Amino acid sequence: MPKLTVDGVELEVPQGATVLQAAELAGKEIPRFCYHERLSIAGNCRMCLVEVKPGPPKPQASCALPAAEGQEITTNSAMVKKAREGVMEFLLINHPLDCPICDQGGECDLQDQAMAYGRGGTRYEENKRAVTEKYMGPIVKTIMTRCIHCTRCVRFAEEVAGVEDIGAIGRGEGMQITSYLEGAVQSELSGNVVDLCPVGALTSKPYAFEARPWELKKTMGIDVMDAVGTNIRFDARGREVFRVLPRINDDVNEEWASDKTRYAVDGLLRRRLDKPYIRKSGKLVEASWDEAFKAIAKQAKTAGDKVAAIAGDLVDCETMFAARELLSKMGSSLLEGRQTGLAYDVTNVAAVNFNSGFNGIENADVILLIGSNVRWEAPLVNTRIRKAIKNGAKVFAIGPETDLTYKVEWLGDDAKILKRLPKKLSDALKDAERPAVIVGGGALAVEGVHGAALKLADKFNMVRDDWNGFNVLHFSAARMGGLMLGYAQSGGMADVVAAKPKLAFFLGADEVDFGQFEDCYKVFIGHHGDKGAHAADVILPAAAYPEKNGTYVNLEGRVQFSDKAVFAPGDAREDWSILRALSDVLGHTLPFDSFAQCRAAMVAAVPQLAEEGVVSFDWSPPKLSDKPEGTLAYPIKDFYLTNAIARASQTMQRCSAELLHADDMLEAAE
Amino acid sequence: MADTPNTPDEAEMRARWGGFAFTAVNAKQAKKVIARYPEGRQRSAVMPLLDLAQRQVGEETQTQGWLPVPVIEYVAEMLDMPFMRAYEVATFYTMYNLAPVGRYHVQVCGTTPCMLRGSDDVMAACKNKGMVKGKTTPDGMFTLTEVECMGNCATAPMFQINDDNYEDLTYDSASAILEALAKGEQPKPGSQIAGRQSSEPEGGPTVLKAMVDANHDYRKEY
């Protein structure tokens, strides 16, 4: 723990800290462009110059200088001021003065730091350098003349995204940042380079020229595109969410977000359900809320307790709770959330939880992936596994081979491998201090894999007091909350179908095989006109995730609250209030009149949902059949089009076409 | 304007060079080069291998050689490195050509010492032979490039043609060299002044004359 002084203030800093970090600990602001906490140190922008004694009598780049015992760091001397002004002047030589038409304006590091640390005017009278625009895919827009060569994007692509597609070509004044041969960056995390870019060189293509940052109302939310529960911020104006940005949460998403999280929001404006509909002689026709409720009440009378509720992937816990309460008043507990028919055992929630946690999986030293394409199912868990590998972990995988951005030892896609592990895997697991297994959604669909994985965890002592290496990776935001609220039948959807419900509520459920519900009166409570709405007999328009408060539980069992950013369009209402109003008409009035009361009732029923944070589930795995039989496959076929919002989003459609189906496009062009 | 490297059409490049592989001799040499670096650090061999590949392309096309994208990718694959990282190296160094060049790549130094000693005349000699800066002559013989200091300031002006330096040039000697090359002859590389071996003073020593034959103590003469 070196002791040093910063501007005369003595302090102690952690071993291995840099001078820049030491100055920050002392509360001094050090301007910087290339330095970023989560990337390697480059030291090429020179903006962070400070004076350090002992050392050469010249300013030093503080980001790349280790803090040492007895250093005297000066951040406010005349020399430092002059050095910063000089660096800023050089950076601005070739930087265009186009702030008024630049999307970064208002949240630009260069703009801010030029104001704070630059000279008042320019002395440069020559021509500025210009650079051609580069194509980087459907997400990232480039105006490369603005680039100051900080190489943050290059380092992000290499270190975090694991896609070495971005680089700096040429040298000196001719140096340019570009993707390889100007192809699209093949990463589902490419949007993060927009946030990382300290200037307006890389900006967001879908959000180009839409709004200024200061016009937007910021609301703290939780993402529902996957089960990671990315902490996000909705930037909205009027009733439109213009963009989604990640919030920093080291336990969940660090400061990243996947492209789907960021850019699916334009889907909130399209294919929306903004009026109730009733199916009359085969056609859906517009109706009033009253008519819709009456139609449901008529069916409810004949249905009696033959009622079911199916939760979709994007719904919040309050919605599921309100539906559960309504059903229990009607005398039914036919709840199910696993729309596609999965029927894994849920008697112990810990056995279907991501027990290691996101931070924990970084410390694993041997990881076995079973039927999980982590890169698509949870891109931000994939970055954690990359970190584990950087720390020396080995990764084995059972499933069809795919590019996970890191080195994986593939063992084939036959589930039987779990019964007779190859020697290299069993040796590795035996020697590992913190072995972990990650069971993906594709694996849960195969009979016996869950049981075999649990047995593996037992055999290699993966579950101990200080370490739980058994993980199940869900990819639907509502899954963990649904399981805690009892949205699971022991036989899955098959049980629901077998019970032959006369009336079923589909809470934003679009992935169900609706053919199974031919004789059932289908009420769709959701926000997008997707598969669920097409099959419905009554549509009740509800709110999407930025349009309602809600509680979500992510795949590691972390309870998080999301706030309402905008109002739902047209006649659409928040889901809980729809169910509350409907309960009146059905004669089973629910005992809450506000969202707060609804949440309070939910917390009373499931106390674990009361507070934000990781819920600890007791580990008591069930005894399951452990004779795996079959071939593993990945359920996600198209990363960009996994839910109704994403399918309605033009940006996601474009991503899917340009990144995943580029070959088809070329063929069509020929 | 800083533009992307002026490379030929990608589809054409891939059609022509997609099947590139080292010849048996070069493959052996490549193995030797890679073995110079410790296990896990094979990427360090990227520069010698790119050079080797460029020379092989040169042999195949009877030019100085260049690096088509598929060839860069071939080298990158050999060293298990991402294409982008090899491409960065190839674009950084001017001695890797990213577009085809002629039989002889004439690189005229135009930095201050050479300019003061008459590089304008050398450039004029090249231009009189029909060369245009940055272009290849229609017969495919010469490509003219103006470069920065080649480190021959003591024997300025100079140009480098493929692997040879020609120094102490004048308009006439430069023209003569280009004519000889055009005829298929091999002119003498190095200084073009008769009797000058390397960068020693022209016409014998001008200082420390007493030390030419034997050691001499100059300290008494200060």
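Bear in mind the structure is a predicted one, so any value in this text is a computation, not a measurement. In what follows, every chain begins at residue 1, and chains take the letters A, B, ... in the order their sequences are listed.
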task = Look only at the side chain of B:Thr91 and the backbone of A:Ile169, and say whether a donor-acceptor pair between them is shorter than 3.5 Å.
result =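 Such a contact is absent between B:Thr91 side chain and A:Ile169 backbone.
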
Heavy-atom side-chain contact between [X] and [Y] under 4.5 Å:
{"X": "B:Met81", "Y": "A:Glu164", "result": "no"}
{"X": "A:Ile166", "Y": "B:Met84", "result": "no"}
{"X": "A:Leu181", "Y": "B:Phe83", "result": "no"}

task = Write down the atom of B:Thr94, the atom of A:Arg171, and the distance for their closest heavy-atom approach.
result =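 Here B:Thr94 and A:Arg171 meet closest at N-NH1, 4.2 Å.
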
ask   = For residues A:Tyr180 and B:Glu88, is any side-chain donor paired with an opposing acceptor at under 3.5 Å?
value =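 A:Tyr180 vs B:Glu88: no donor-acceptor pair found between side chains.
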
State whether the number of non-hydrogen atoms from other residues, nucleotides or ligands found under 6.0 Å of [X] atom [atom1] is greater than 12.
{"X": "B:Asp80", "atom1": "CG", "value": "no"}
{"X": "A:Lys128", "atom1": "NZ", "value": "yes"}
{"X": "A:Phe90", "atom1": "CZ", "value": "no"}
{"X": "A:Arg386", "atom1": "CZ", "value": "yes"}
{"X": "B:Gln197", "atom1": "CD", "value": "no"}

